[in-house]
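Worksheet for the structure shown next.
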Amino acid sequence: MLSDWTDEAPLQVYLNLKKMSGYYNFAQPTVGDFASDAGKLGLSGALSKRAMWNKARMNPTDLSDVSAATYTYLLNGAPSARRWTGIARKGERVRLRFIGAGTATYFDVRIPGLMLTVVAADGQPVEPVDVDEFRIGPGETYDVIATIADDKAYAIFAQSMDRTGFVHGVLAPRDGMSADIPPVDPRSWLDPIDMMGGMAGMAGMGPAGHDHGMVETTPKARHARTEYGANTDMRVDFPRTNLDDPGVGLRRNGRRTLTYADLKTAGPAADPREPQREIELHLTGNMERFVWAFDGVKLNDSKPLHFTPNERLRIILVNDTMMTHPMHLHGMWSDLESPDGQFQVRKHTISVQPAQRVAFRVTADAMGRWAFHCHLLYHMAAGMFREVVVA
């Protein structure tokens with residue numbers, strides 16, 4: 001279980017973010033960074049790197065609301081100083097279930113020296129896929145199988161997406177052994193595609209050396225009139241639809257990283273019916289005011305979404321923000337679709353990357369009132385929450 005802990009009262013964390021959304025971000029671009037870039041890229045290159053962000057008044061390092069400035073990261077409730085140890089001996093095949101239990105943290109997980117075979121996502125079996133690492137958000141789970149190569153200690157290494165910290169545990173043949181801990185990866189800036197979506201790909205501004213279909217876009221996005229207000233500071237007109245992007249900080253790192261395009265539930269969807277209707281919702285926010293919402297409408301000002309019992313429907317989420325949101329619809333499974341509309345994988349929490357459009361099918365087979373929300377606690381508290389009523 002991967003989680004985070006702060007000795008600050010959660011309400012105080014929230015109030016700090018409301019006062020200044022970058023309160024815990026100590027990695028914002030500095031004059032020193034500019035001088036370093038100028039030495040590497042030249043003056044014009046350093047200016048160009050910042051031009052888009054300065055014009056939009058956006059922060060390219062705003063990857064996580066809460067950082068290791070206040071968080072201690074935990075694995076099975078233990079920090080690295082009291083590292084958790086799992087007993088595993090040479091030749092054994094070990095199945096590990098990773099649970100994303102963080103309040104506001106995405107973790108990038110790997111076991112250096114071991115290949116990981118992903119066999120389940122959110123408790124649902126998937127066709128096995130071999131990776132070096134995977135990203136896990138709050139609410140997600142992944143089951144992986146690793147074959148222990150030698151009688152030595154292996155580090156289970158989980159670094160936060162914003163690269164401010166990490167936690168590690170150990171797989172070893174006996175207690176008390178320690179493993180080599182890799183350095184935390186360098187912090188990455190958001191790429192143009194994280195702000196502009198498919199428009200960046202069409203303009204040739206995707207990440208260099210990255211060939212993950214960035215020009216796959218939907219037609220020009222439809223924005224609800226409620227998105228044009230004080231609660232929304234950004235809208236993406238041409239969201240990208242690719243699922244094969246590992247995300248900021250994992251691109252071009254030389255390791256085989258899991259993407260949603262790799263996940264495939266064996267066989268057809270449990271409900272083979274075509275959707276009878278569609279509901280499109282935009283994930284919106286005002287990062288300076290720390291307001292998060294669906295279609296620019298916070299929970300307190302919203303009306304419930306109504307599903308007809310047993311109907312099959314398609315939910316489309318468009319992320320108009322530059323942050324990744326793990327979206328969780330309670331009570332019903334979400335059958336994620338590929339960009340061409342085919343059944344991909346069954347999950348209950350779906351991460352939507354910046355400037356991305358995803359679609360999933362839902363069968364309204366659970367009567368009652370259900371929560372539909374971002375699994376980042378402070379986004380949910382700030383308004384990215386809707387009630388769903390099946391009746």
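Starting from 1, each residue takes its place in the sequence as its number.
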Is there a donor in the side chain of Asp295 and an acceptor in the side chain of His223, or the other way round, less than 3.5 Å apart?
->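 No, no side-chain donor-acceptor contact under 3.5 Å.
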Does the side chain of Asn319 come under 3.5 Å of the side chain of His282 through a donor N or O and an acceptor N or O?
->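 No donor-acceptor contact under 3.5 Å links the two side chains.
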[X]-[Y] aromatic ring centre distance below 6.0 Å:
| X | Y | value |
| --- | --- | --- |
| Trp84 | His168 | no |
| Phe98 | Tyr142 | no |
| His330 | Trp370 | no |

Do the rings of [X] and [Y] sit parallel, tilted or perpendicular, given the 30° and 60° boundaries?
| X | Y | answer |
| --- | --- | --- |
| Tyr73 | Phe107 | perpendicular |
| His328 | His375 | parallel |
| His348 | Trp333 | tilted |

Using 0.5 Å steps for rounding, measure from the [atom1] atom of [X] to the [atom2] atom of [Y].
| X | Y | atom1 | atom2 | answer |
| --- | --- | --- | --- | --- |
| Gln12 | Thr70 | CD | OG1 | 10.0 Å |
| Ile316 | Ile279 | CD1 | CD1 | 10.0 Å |
| Asp245 | Thr259 | CG | OG1 | 8.0 Å |
| Met384 | Met323 | CE | CE | 10.0 Å |
| Met322 | Gln353 | CE | CD | 14.5 Å |
| Asn310 | Asp365 | CG | CG | 7.0 Å |

Is any side-chain heavy atom of [Y] closer than 4.5 Å to one of [X]?
| X | Y | result |
| --- | --- | --- |
| Val144 | Thr117 | no |
| Asp262 | Arg256 | yes |
| Arg83 | Ser178 | yes |
| Leu258 | Val129 | yes |
| Arg361 | Leu313 | no |
| Met332 | Thr363 | no |
| Glu8 | Asn16 | yes |
| Gln124 | Lys347 | no |

May I ask you to decide whether [X] forms a salt bridge with [Y], counting only side-chain N to carboxylate O separations under 4.0 Å?
| X | Y | value |
| --- | --- | --- |
| Arg369 | Glu387 | yes |
| Lys152 | Asp150 | no |
| Asp194 | Arg251 | yes |
| Arg235 | Asp320 | no |

Under a 3.5 Å distance rule, please check whether [X] uses its side chain to pair with a backbone N or O of [Y] as donor and acceptor.
| X | Y | result |
| --- | --- | --- |
| Arg110 | Ile156 | no |
| Thr265 | Arg346 | yes |
| Thr284 | Ala293 | yes |
| Asn253 | Arg255 | yes |
| Glu140 | Gly137 | yes |
| Gln344 | Ala261 | yes |
| Ser334 | Leu336 | no |

Show your reasoning for whether salt bridge (charged side-chain N to carboxylate O under 4.0 Å, His left out) applies to Asp335 and Arg312.
-> CA-CA 11 Å; Asp335 293 334; Arg312 186 69 162 162; 3.0 Å; yes
Should we count [atom1] of [X] as having more than 12 external heavy atoms under 6.0 Å?
| X | atom1 | result |
| --- | --- | --- |
| Arg174 | CZ | no |
| Arg222 | CZ | no |
| Arg187 | CZ | yes |

Test side-chain contact (heavy atoms from CB on, under 4.5 Å) applied to Val118 and Asp143, step by step = CA-CA 6 Å; Val118 180; Asp143 290 19; over 6 Å; no
Give the minimum heavy-atom separation between [X] and [Y], together with the two atoms involved.
| X | Y | answer |
| --- | --- | --- |
| Asp4 | Ala104 | OD2-N, 3.3 Å |
| Met287 | Asp233 | N-OD2, 3.1 Å |
| Ile148 | Tyr154 | CG2-CE1, 3.9 Å |
| Thr321 | Gly285 | CG2-N, 3.7 Å |
| Ala179 | Ala153 | CB-O, 3.6 Å |
| Asp122 | Thr349 | OD2-N, 3.2 Å |

Could you see if [X] belongs to whatever hydrophobic cluster contains [Y]? Use Ile, Leu, Val, Met, Phe, Trp, Tyr and a side-chain cutoff under 4.5 Å.
| X | Y | result |
| --- | --- | --- |
| Phe166 | Tyr71 | no |
| Phe290 | Met380 | yes |
| Trp5 | Leu376 | no |

Test Arg357 against Leu317 for side-chain contact (heavy atoms from CB on, under 4.5 Å), laying out the working first.
-> CA-CA 6 Å; Arg357 175 191 188 273; Leu317 297 179; over 6 Å; no
